[in-house]
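No experiment lies behind these values; they were computed from the predicted model shown. Within every chain, numbering begins at 1; the chains are lettered A, B, ... in the order of the sequence lines, protein sequences first and strands thereafter.
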Amino acid sequence: METFQTLLANKFSDALAKAGLPTAGELTPATDARFGDYQTNAALVLGKQRGENPRTLAEKILAGLDVSDLCEPPTVAGAGFINFTLRSDAVAKKAGELLSDERFGVAKASSTKRIVIDFGSPNVAKPMHVGHIRSTVLGDALARIASFLGHEVIRDNHIGDWGTQFGMVIYGWKNLLDRESLQRDPLAEIVRIYKETNERAIGDPQVREACRQELVKLQAGNKENIDIWNECVAFSMQDFDHVYRLLDIRFDIQCGESFYNDRLPAVVDRLLKSGIAEISEGAVCVFFRDIPQLADKPCIIRKRDGGFNYATTDVATVDYRINDLKADTVWIVTGAPQILHFRQIFEIARREGYKADFRHITHGSILGEDRKLMKTRSGENVPLRELLDEACKRARKIIEEKNPDVSDADKVDIAQKIGIGAVKYADLSQYRMTDYVFSWDRMLSLQGNTAPYLQNAYVRIRSIFRKSGEPAPKVDKLILRDPSEINLAKRICQFAEIVPQVLNDFRPNILANYLFELANSFHTFYEACSVLKSDEPIRGSRLALCDLSGRVLQRGLDLLGIKVPEKM
RNA sequence: GCGCCCGUAGCUCAGCCGGAUAGAGCAACGGAUUUCUAAUCCGUAGGUCGGGUGUUCGAGUCACCCCGGGCGCGCCA
């Protein structure tokens, strides 16, 4: 099924050919409702190219353009724009078709790819914290959207399970561990011994050396240390799983850093042999002398002491994803500070001859009300578990205020959908690169561009069907009379135009903003038109329109990883 | 020093490939409720798009320079 935009663009392109003109400009949604629904600047572009009057050219093109099945007669406006206004019966027909289309008109991508998406990446021996929200939620949404568009997606959690920090953790484990605390709250105890060791190490070179020895033993495969390490990983995974369950996030594979351990020496040898890497000051480095921005920023892949670092691991990870997983493209979702690092890694991959499409999808930070990196009062990272629990708690409080009739069992479920949805939506509704200020009051507000507002639109729709006690009627074509009905139906037709755009530049906020407008259009319709009290055949048509609105909202939110409650 | 990201209404933010008189939401002000959930809707007001120069029919968007903020830059990840 083709969108209005595609249908119009095709006809327009034919008209250009008929007028002996090349393809030019683009046909896009109108920038303002006064200009109708779609517009094209083709005549402006051609006018410039050919030194002709754009308005005259526009008239000439229009003479050979027949879009009467879709639009009112197109008009020439301004400097030479051509504006299109959809006919309401064309909208009614299209919306009628969408009623029986599970994809709501969204076409599958013309060339589908195998995409490895790397997101989340928490560190073992540290609880997940606010800093992980963005990567996790953004990566998940992109994975959902890419799958929906027909791509083959492999979600990979590149867990930080093999860092220098384990020297300290193991030292702490051997010297400071409290078994009872470990049983009560394993991760908290691991964090405690890590921190305490760290403090000791700062003041005591002997402790520092002992930690280093523990790390060397671990890396050499010492059984006792490996066992401790395994236990730490297992405890951390429990914490991660709890958070991922709450967030409804899953991974296909979790190849953490340790997965690549035994591949690292070969990576370095290979890069040395091929001349991509060289030895400098005892370390193995890759230089990028021909790239001005990187000329003075080498990438170390083996430390002077012979140890490997995260760059080595990431080069090995590229190998695995291309050679073993056969990825066509790799998306790595992390915060902006890692831009330089991945630029280097991708450049190394290019030099090694990899042709895959590597994308580093970066995002900004979450700030506290003071506009500084979000921290607890004592200056620590805010644990993600606590933050999510707080979201649910606050959502529950609001439900109790607004809708005391809800049963206790329902409350838990609804509070979770609203609380988690609010946190996710606050993130996804914003352009990923901007730092944003975290505010409970804003994200949980029922007014404005928030998850609860969107969920409420859905709930109102469900409420209508609960009240009527009948399922959505089967209707082929809608009857659109009221301007708010036409507007809502047009909005629904745009879903298929919006979803694929998200992947142009990895911007789920485009979809979020669309859904906000959809919910807004629905609310306006809801105020203006009674549904159950209207007479047939209007009643049936409006019920169908409600049903369609609800399902598009649900699907759209699902693509963002957000759930909808039936009541709230 | 070099590099990356950001700067748009009082506040929080949209504005992807350059398009028409720069848009939302919150807050403010004024209206609408015997309800299909007012958890909403309608309206008013609010801007030198950090500053400047340039590119062109047209610049919030592109280029260059400056200012301000954040972050990163051989042996942490």
Discussion item. Counting the atoms with a prime plus P, OP1 and OP2 as sugar-phosphate, which does A/Pro298 contact under 4.0 Å by heavy atoms, base, sugar-phosphate, or nothing?
Written reply: base

Practice prompt. Calculate the interatomic distance between A/Leu503 atom CG and B/C17 atom P; express it in whole Å.
Written response: 17 Å

Worksheet item: Using atom P of each nucleotide, how far apart are B/A24 and B/G69 to the nearest Å?
Response: 33 Å

Item to complete: Taking atom P in both B/G19 and B/G58, compute the distance separating them and give it to the nearest angstrom.
Response: 15 Å

Practice prompt. Using a 4.0 Å heavy-atom cut-off across all strands, classify A/Ala528 as base, sugar-phosphate, or nothing.
Written response: nothing

Discussion item. Whether the side chain of A/Asn83 and the base of B/A20 hold a donor-acceptor pair under 3.5 Å is what I'd like checked.
Written reply: yes

Worksheet entry | Euclidean distance, atom CZ of residue A/Arg302 to atom C1' of B/A77 [Å, nearest integer] | 20 Å

Discussion item. In this structure, how many angstroms lie between the C1' atom of B/G70 and the CD atom of A/Gln338, rounded?
Written reply: 16 Å

Tabulate atom names and distances for all N/O pairs under 3.5 angstrom spanning the protein and nucleotides 59-66 of chain B.
none

Practice prompt. Describe the nucleic acid contact of A/Ser280 in one word from base, sugar-phosphate, nothing, applying a heavy-atom distance below 4.0 Å.
Written response: base

Discussion item. I need the CZ-C1' distance between A/Phe35 and B/G23, as an integer number of Å.
Written reply: 13 Å

Worksheet item: Does A/Glu52 have any side chain to side chain donor-acceptor pair (under 3.5 Å) partners at least two apart in sequence or in another chain, and if so, which?
Response: A/Arg50

Discussion item. Base of B/G19, side chain of A/Asn41 - is there a donor-acceptor contact under 3.5 Å?
Written reply: yes

All N/O contacts under 3.5 Å from nucleotides 42-47 of chain B to the protein, with atom names and distances to one decimal?
{"from": "B/C42", "atom 1": "OP1", "to": "A/Thr524", "atom 2": "OG1", "distance (Å)": "3.1"}

Worksheet item: Taking CG from A/Leu373 and C1' from B/C71, how many angstroms apart are they, rounded to a whole number?
Response: 9 Å

Practice prompt. Identify whether any heavy atom of A/Asn504 sits under 4.0 Å from a base atom; if not, whether one sits that close to sugar-phosphate; answer base, sugar-phosphate or nothing.
Written response: base

Practice prompt. Pick base, sugar-phosphate or nothing for A/Asp305, based on heavy-atom distances below 4.0 Å to the nucleic acid.
Written response: nothing

Worksheet item: Under the 3.5 Å rule, do the base of B/A39 and the side chain of A/Gln447 count as making a donor-acceptor pair?
Response: no

Discussion item. From the set B/A39, B/C13, B/A20, return the single nucleotide nearest to any side-chain atom of A/Asn403.
Written reply: B/A39

Pairs under 3.5 angstrom only: tabulate donor-acceptor contacts from the side chains of residues 278-288 of chain A to other protein residues two or more places apart or in another chain.
{"from": "A/Glu278", "atom 1": "OE1", "to": "A/Arg289", "atom 2": "NH1", "distance (Å)": "3.2"}
{"from": "A/Glu278", "atom 1": "OE2", "to": "A/Arg289", "atom 2": "NH2", "distance (Å)": "3.1"}

Worksheet item: Can you list the residues that meet the side chain to side chain donor-acceptor pair (under 3.5 Å) rule with A/Gln455, with sequence neighbours excluded?
Response: none

Fill in: Contact list for residues 439-453 of chain A, test salt bridge (Lys or Arg N to Asp or Glu O under 4.0 Å), sequence neighbours left out
none

Worksheet item: Which residues satisfy the side chain to side chain donor-acceptor pair (under 3.5 Å) test with A/Arg551, sequence neighbours excluded?
Response: A/Asp547

Practice prompt. Check every atom of B/G15, B/G19, B/A39 against the side chain of A/Met568 and return the nucleotide holding the closest atom.
Written response: B/A39

Discussion item. So if I take every side-chain heavy atom of A/Lys303 and compare against B/C71, B/A39, B/C75, which nucleotide ends up nearest?
Written reply: B/C75

Worksheet item: Considering only the P atoms, how many Å lie between B/C29 and B/G70, rounded to the nearest integer?
Response: 35 Å

Item to complete: Please determine if a side-chain N or O atom of A/Tyr453 lies less than 4.0 Å away from the OP1 or OP2 oxygen of B/C41.
Response: yes

Response to the item:
Dot-bracket assigned to RNA chain B with the 3.5 Å Watson-Crick/G-U criterion, [ ] for crossing and | for other-strand pairs, is (((((((..((((.....[...)))).(((((.......))))).....(((((..]....))))))))))))....

Item to complete: Could you tell me how the ring of A/Tyr310 sits relative to the ring of A/His341: parallel (under 30°), tilted (30 to 60°) or perpendicular (over 60°)?
Response: parallel

Item to complete: Answer with base, sugar-phosphate or nothing: what part of the nucleic acid does A/Asp441 contact at a heavy-atom distance below 4.0 Å?
Response: nothing

Worksheet item: Under the salt bridge (charged side-chain N to carboxylate O under 4.0 Å, His left out) test, which residues partner A/Asp32, sequence neighbours left out?
Response: A/Arg34

Discussion item. What's the gap between B/U8 and B/G46 when it is taken at their C1' atoms, as a whole Å value?
Written reply: 14 Å

Worksheet item: Within the structure shown, what part of the strands sits under 4.0 Å from A/Glu26 by heavy-atom distance: base, sugar-phosphate, or nothing?
Response: base

Discussion item. If I pick the P atom on B/A22 and the same atom on B/A27, what distance separates them, to the nearest angstrom?
Written reply: 26 Å

Worksheet item: Does anything in residues 48-61 of chain A reach RNA chain B, meaning a heavy atom under 4.0 Å, and if so which residues?
Response: A/Lys48

Sort me out a list of protein N/O and nucleotides 2-11 of chain B N/O pairs below 3.5 Å, or just none if empty.
{"from": "B/C2", "atom 1": "O2", "to": "A/Lys297", "atom 2": "NZ", "distance (Å)": "2.9"}

Practice prompt. Pick base, sugar-phosphate or nothing for A/Thr164, based on heavy-atom distances below 4.0 Å to the nucleic acid.
Written response: sugar-phosphate

Practice prompt. Identify whether any heavy atom of A/Glu281 sits under 4.0 Å from a base atom; if not, whether one sits that close to sugar-phosphate; answer base, sugar-phosphate or nothing.
Written response: base

Worksheet item: Where the side chain of A/Thr28 is concerned, which of B/G72, B/G74, B/C17 is the nearest nucleotide?
Response: B/C17

Item to complete: For B/G10 versus B/G51, give the span between their P atoms, rounded off to a whole number of Å.
Response: 13 Å

Discussion item. Any side-chain to backbone donor/acceptor pair from A/Asp156 onto A/Cys255? Under 3.5 Å, distance only.
Written reply: yes

Discussion item. Check whether A/Asn509 reaches the backbone of A/Leu428 with its side chain - one donor and one acceptor, N or O, closer than 3.5 Å.
Written reply: no

Worksheet item: Taking syn as any angle within 90 degrees of 0 and anti as the rest, which one fits B/G74?
Response: syn

Worksheet item: Roughly how many Å is it from CG in A/Asn509 to C1' in B/A14, rounded to a whole number?
Response: 7 Å

Discussion item. If you only use heavy atoms from C-beta on, which nucleotide in B/A14, B/A77, B/A20 is closest to the side chain of A/Gln39?
Written reply: B/A20

Worksheet, complete the sentence: In short, ring-ring contact (aromatic ring centres under 6.0 Å, His included) pairs touching residues 448-469 of chain A with sequence neighbours left out are A/Tyr453-A/Phe516, A/Tyr453-A/His523

Worksheet item: Which sits closer to the 5' end of RNA chain B, A/Cys299 or A/Asn513, going by the nucleotide each is nearest to?
Response: A/Asn513

Worksheet entry | Side chain of A/Phe81 - closest among B/A14, B/A20, B/C16 | B/A20

Worksheet entry | Distance between C1' atoms of B/G50 and B/C17 (Å, rounded) | 25 Å

Item to complete: Hey, could you give me the CD/CG distance between A/Gln430 and A/Asn449, rounded to the nearest 0.5 Å?
Response: 9.0 Å

Discussion item. What is the separation between atom CZ on A/Arg212 and atom P on B/C75, rounded to the nearest whole Å?
Written reply: 16 Å

Item to complete: Count the heavy atoms of every other residue, nucleotide or ligand shown that sit under 6.0 Å from CZ of A/Arg481, and state whether that count exceeds 12.
Response: no

Worksheet item: Which part of the nucleic acid, if any, lies within reach of A/Val286 when heavy atoms closer than 4.0 Å are counted: base, sugar-phosphate only, or nothing?
Response: nothing

Worksheet entry | B/G31 versus B/U56 - spacing of their C1' atoms, nearest Å | 47 Å

Worksheet item: Between A/Asn309 (CG) and B/C76 (P), how many Å, whole number?
Response: 8 Å

